[in-house]
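A quick write-up on the structure given underneath.
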Amino acid sequence: MSDFVSHMEPKLISWRQSFHSYPELGFMEYVTTYRLGKVLEGLGFTIHLGEEALERDARLGVPNKTELDKHELQAKAKGVEESWLAKMRGGLTGLVATWDTERPGDHVAFRFDIDALPITETKDTNHIPAKEGFHSMIDQTMHACGHDGHMTIGLGVASYIAAYQSKLKGKFTLLFQPAEEGGRGAKAMTEKGWLDNVDYFYSGHIGIQSLPIGTIAATVDGFLASSKFNVTFSGVASHAGMHPELGKNALLAAAVSATNLYTIPRHSDGITRINVGKMVAGSGRNIIPSDAFLEMETRGETKKINEYMLTEATRIIKAAADMHDVTCEITPVGITEEMICSEALIPTIIEACKSSDYVKEVLPVAKVSGSEDASFMMNRVQQQGGKATYLLFGTELNYPHHHQAFDFQEDVLPIALDAFIKIIEGGSGIE
């Protein structure tokens, strides 16, 4: 299939650069979903959109109506058809594409995340997207994690399935998932039942750690369970000079929380993390602050350890509110689970990639950190007897993920595509 991958390379580059130039944040990927869907529809896939793809009430951290309405209007202006927009309205973005060969065989599922990050991309001319003119056109929004590459790989996999469907067997489900950042979207697709009765599940990531082009990892180890949540403190405003005793200072409650959260004892059973990433409070130097807001997260090596961190964090937040006689509201906005790849897939992937002209080395496992909501999908597949893994695709990284100058080597795109093609051929098989 090397000729097929070689033929696809210009398309892969074009798709990636187009997606990179128009990034969209989680649950607002209206244009992205539409563009993906039109390609997949043209290939002959059955498209599942809106509430067919997502369980509405299982979403977390959905933007407010004002933000959703704004992006829906922008999507309409960008040419998204009303029939598509109607199904996505209210933040029901992302899609599922299915192909049934109607020949007995395995059910194979792939997941590709599609959202961007709230980062302003650098315009430095040493940054290739800026130098070559495909940098982000959207203020404060950027593909700074490789998801533009992931969905490009997904379209490549879809193109292969469509081109060779007469020689394939079994079923294929491609999940183009919204809102991966913050752990918000995978659970909604999982709860819709798309991972039920799947025999093999594959997801993956460009980069994470810097690896030579041509190197991939068959599994990863180290993703943490996590909880993302917002905290709102509500107090009473007052004149800071004339009547300070009448005020109830929400800013101080937030500050006490932020500093004391880092005193949670580490857990002897495994890795723990905590971070307060954002605090907004107050309105003026002579006003007792009546409102304060935190965005934060906990992480743990296992679900149990993360629950320990979340319990302790909740206790500290409520104690800080009581100390300053204010109220607090804790709102969950994201969650991930621990992830354990199916080691049985390692020899299968190594063997499948031996015939690849693109993949030069397959590492059995790569150490990672952070968190991934693909964990929900993997765990559902494994709970029902299927096998699941998460691959890494090597690239040089001059800047870390989530950096305003993040970029990857586009040569990784055909490598990742060829790896997935070899896996399909080695797993579901060619008739």
Side-chain angles (χ1 to χ4, degrees), residues 1-2 4-21 23 29 32-33 35-37 39-40 43 45 94-97 99 108-116 134 143-164 172-178 180 185-186 200-208 211 213-218 220 349 352-353 356-360 362 366 372 374 377 388-395 397 401 406-427:
M1 301 302 167
S2 295
F4 174 80
V5 176
S6 177
H7 173 74
M8 287 295 300
E9 285 190 44
K11 275 190 177 181
L12 297 176
I13 301 301
S14 177
W15 281 331
R16 183 265 165 148
Q17 294 186 0
S18 176
F19 290 135
H20 188 89
S21 68
E29 310 99 323
T32 302
T33 300
R35 289 177 173 175
L36 288 165
V39 174
L40 293 160
L43 290 171
F45 278 79
L95 62 84
V96 178
W99 192 296
V108 184
F110 296 86
R111 176 274 213 162
F112 310 98
D113 39 11
I114 70 173
D115 58 323
F134 64 92
H143 274 298
C145 200
H147 297 187
D148 49 338
H150 298 169
M151 51 184 151
T152 293
I153 295 163
L155 291 182
V157 171
S159 298
Y160 165 77
I161 293 169
Y164 290 90
F172 297 92
T173 297
L174 308 184
L175 301 112
F176 290 85
Q177 182 212 308
E180 183 278 330
Y200 296 96
F201 172 84
Y202 301 94
S203 188
H205 212 294
I206 292 169
I208 295 186
L211 292 170
I213 279 287
T215 300
I216 72 171
V220 297
I349 293 171
C353 290
S356 172
D357 292 333
Y358 290 85
V359 178
K360 305 305 180 187
V362 181
E372 244 292 356
M377 297 179 176
T389 194
Y390 191 97
L391 295 87
L392 291 193
F393 304 107
T395 179
L397 296 175
H401 294 262
F406 173 83
D407 194 21
F408 59 83
Q409 294 170 278
E410 289 181 334
D411 288 347
V412 73
L413 300 173
I415 293 166
L417 172 57
D418 197 54
F420 278 141
I421 288 173
K422 299 304 182 190
I423 287 169
I424 291 172
E425 293 174 359

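Considering only heavy atoms from C-beta on, R111 comes within 4.5 Å of E372 through its side chain. F176 is listed as a side-chain neighbour of L40, based on a closest heavy-atom distance under 4.5 Å. Annotation: side chain of V359 is not in contact with side chain of K422 (no heavy-atom distance under 4.5 Å). The shortest distance between side-chain heavy atoms of H205 and L392 falls below 4.5 Å. A heavy-atom distance below 4.5 Å is found between the side chains of I415 and I216. In this structure, the side chains of Y160 and E425 come closer than 4.5 Å at one or more pairs of heavy atoms. Residues V39 and W15 meet the side-chain proximity criterion, which asks for heavy atoms closer than 4.5 Å.
With salt bridges taken as basic N to acidic carboxylate O contacts below 4.0 Å, one links D407 and R16.
In this structure, H150 has its ring center no closer than 6.0 Å to that of F112. Close placement of the F420 and F393 rings is indicated, their centers lying within 6.0 Å of each other.
Interatomic distance, I161 CD1 to L43 CG, rounded to the nearest 0.5 Å: 9.5 Å. Separating the CD1 atom in I206 from the OG1 atom in T152 is a distance of 8.0 Å, to the nearest 0.5 Å. Atom CG of D113 and atom CD of Q177 lie 6.0 Å apart (nearest 0.5 Å). Atom CD1 of I349 and atom CD1 of I423 lie 4.5 Å apart (nearest 0.5 Å). Remark: Q17 CD to I13 CD1 distance equals 6.5 Å, nearest 0.5 Å. Rounding to the nearest 0.5 Å places CG of L413 at 15.0 Å from NZ of K11.
Taking each heavy atom of V362 and A218 in turn, the nearest pair found is CG1-CB, 4.1 Å. I424 and V157 get closest at one heavy-atom pair: CD1-CG1, 4.1 Å. Looking at every heavy atom in both residues, G156 comes nearest to L417 through C-CD1, 3.3 Å. Of all heavy-atom pairs spanning F19 and R35, the tightest one is CE2-CB, 4.3 Å. Residues P414 and Y358 approach most closely at CB-CE2, 3.8 Å, considering heavy atoms. Looking at every heavy atom in both residues, A158 comes nearest to L174 through CB-CD1, 3.6 Å.
With sequence neighbours excluded, the residues satisfying ring pair (Phe, Tyr, Trp, His ring centres under 6.0 Å) with H20 are F134.
Side-chain atoms of T33 come within 3.5 Å of backbone atoms of E29 as a donor-acceptor pair (strictly under, hydrogens ignored). Of the possible polar contacts, none joining the S356 side chain to the A419 backbone as a donor-acceptor pair under 3.5 Å is found.
Using cut-offs of 30° and 60° on the angle between ring planes, the pair F408 and F406 is tilted.
Test Y200, Y202, F201 against F110 for ring-ring contact (aromatic ring centres under 6.0 Å, His included) and you get one pass: Y202.
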